[in-house]
Amino acid sequence: MSSDAIPVLTIDGPSGSGKGTISRLVAEHLGWHLLDSGAIYRAVGYAAGMAGIDLTDAEAVTRMAESAKIAFRAARDGGDTRVIVNGHDATDELRTETAGAAASAIAAYPALRAALFDKQRGFRKAPGLVADGRDMGTVIFPDAPYKVFLTASAEERARRRYKQLKDKGLNVTLAALLREIQARDERDATRAVAPLRPADDALTIDTTGIPVERVVAAVLAVVRRA
Ligand code: C5P
């Protein structure tokens with residue numbers, strides 16, 4: 001099968017919109033592969049930081065994106081997928097809002113995004129792919145037959161992130177998270193290249209106050225309806 005014939009479901013949206021959880025559950029349900037593109041941006045920021053690279057140096061960060069070895073590995077205990085960066089399991093470090101903010105800062109560099117283009121397209125493998133990110137439906141897989149854009153109020157998104165990070169034992173405050181998330185979304189939505197926005201042919205689902213199972217069902221319906 002040519003890779004263009006392999007189905008892709010894109011799930012884009014701002015941080016805390018439920019993309020990560022919904023993408024994982026939908027991919028499991030369909031038996032499809034999963035691309036967590038945000039983890040790639042986080043991993044590049046992390047690798048650059050470890051190498052002592054100044055994150056404002058777009059060229060050096062882009063070179064790091066080209067050379068860093070980023071691998072996803074299923075957790076032995078059935079928990080979250082592990083992200084291995086240059087041989088080191090960086091999963092826990094990548095979850096923090098500091099890693100999210102660093103990812104968002106470097107994600108605005110056009111050359112860096114171009115360097116990651118083929119890497120992300122390479123995840124399109126049979127029997128199908130669920131692709132989670134900001135520009136999956138607009139830039140990376142514009143030809144995807146199924147596209148969803150998840151949103152939720154900023155307060156709810158901050159509450160979800162707060163719970164997620166607290167559950168992982170991280171020390172955060174709700175007010176600080178809300179500020180950080182709003183700043184990150186503002187930067188992601190207003191950058192010149194691949195800004196956060198729904199593809200014209202995406203179905204937008206507002207997940208504020210909606211239980212996870214109902215959102216999963218609504219997303220699966222997009223695939224089944226076709
Ligand atoms: O989804 P996640 O919160 O892990 O993404 C971290 C950051 O990476 C986002 O705030 C965004 O700036 C960037 N990103 C992106 N394009 C994607 C996925 C993530 O620019 N497809």
Side-chain angles (χ1 to χ4, degrees), residues 8-24 27 34-49 55 58 61-62 64-65 68 70 72 80-83 85 90-124 129-142 144 147-152 154 157-158 160-162 164-165 168 170 172 177-199 202 207:
V8 178
L9 163 65
T10 61
I11 303 187
D12 290 307
S15 46
S17 57
K19 280 177 305 133
T21 306
I22 304 298
S23 300
R24 182 172 47 77
L34 178 65
L35 164 60
D36 175 0
S37 60
I40 297 180
Y41 286 92
R42 287 171 186 254
V44 171
Y46 172 81
L55 294 188
V61 174
T62 300
M64 177 51 77
I70 302 164
F72 294 91
D80 293 351
T81 301
R82 313 303 297 179
V83 190
V85 185
T91 316
D92 295 338
E93 291 99 317
L94 296 188
R95 278 195 193 108
T96 63
E97 192 46 40
T98 308
S104 169
I106 63 171
Y109 303 147
L112 170 74
R113 302 196 75 86
L116 295 176
F117 185 79
D118 287 340
K119 202 192 241 338
Q120 295 174 85
R121 304 255 309 170
F123 280 76
R124 190 172 195 167
L129 175 69
V130 177
D132 159 353
R134 304 290 185 293
D135 63 341
M136 298 294 101
T138 50
V139 176
I140 306 296
F141 302 108
K147 297 183 185 178
V148 168
F149 190 85
L150 297 184
T151 62
R157 293 189 289 108
R160 286 181 191 162
R161 289 285 294 151
Y162 178 77
Q164 260 176 6
L165 295 174
K168 311 267 184 221
L170 293 164
V172 284
L177 260 185
L178 179 60
R179 272 198 309 277
E180 286 164 3
I181 281 182
Q182 282 175 320
R184 180 142 73 92
D185 290 343
E186 170 73 14
R187 180 163 49 201
D188 289 349
T190 55
R191 69 186 174 210
V193 57
L196 167 68
R197 69 167 182 85
T207 68

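When a ligand or atom number is given, it counts from 1 through the structure's own listing order.
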Exactly one of Arg134, Glu186, Arg191 clears side chain to side chain contact (heavy atoms under 4.5 Å, CB included) with Leu196, and that residue is Arg134

Qualifying residue for side chain to side chain contact (heavy atoms under 4.5 Å, CB included) with Arg113, from Asp135, Thr62, Val139 =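 Single pass found, and it is Asp135.
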
Ligand 1 N/O within reach of [X] N/O, cut-off under 3.5 Å:
{"X": "Asp135", "answer": "yes"}
{"X": "Arg113", "answer": "yes"}
{"X": "Ser15", "answer": "no"}
{"X": "Arg42", "answer": "yes"}
{"X": "Arg184", "answer": "yes"}

Students should be able to answer this: which protein heavy-atom is nearest to [atom], and at what distance?
{"atom": "atom 11 (C) of ligand 1", "value": "Asp188 OD2, 3.3 Å"}
{"atom": "atom 18 (C) of ligand 1", "value": "Ser37 OG, 3.4 Å"}
{"atom": "atom 19 (C) of ligand 1", "value": "Gly38 CA, 3.5 Å"}

Only heavy atoms of [X], strictly under 4.0 Å: list the atoms of ligand 1 that pass.
{"X": "Lys19", "answer": "1 (O)"}
{"X": "Met136", "answer": "21 (N)"}
{"X": "Ser104", "answer": "10 (O), 12 (O)"}
{"X": "Gly133", "answer": "18 (C), 21 (N)"}
{"X": "Ala103", "answer": "6 (C), 7 (C), 8 (O)"}
{"X": "Arg191", "answer": "12 (O), 15 (C), 16 (N), 20 (O)"}
{"X": "Ala107", "answer": "12 (O), 13 (C), 20 (O)"}

To atom 1 (O) of ligand 1, the nearest of Arg161, Arg134, Arg187 on a heavy-atom basis is Arg134

Open item on the list: With a 3.5 Å distance limit and no angle check, can you tell me whether Arg82 reaches the backbone of Thr91 through a side-chain donor-acceptor pair?
Closed with: no

Of all pairs that satisfy salt bridge (charged side-chain N to carboxylate O under 4.0 Å, His left out), the ones with a partner from residues 93-111, not counting sequence neighbours:
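Matches after skipping sequence neighbours: Asp80-Arg95, Asp92-Arg95, Glu97-Arg161, Glu97-Arg184.
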
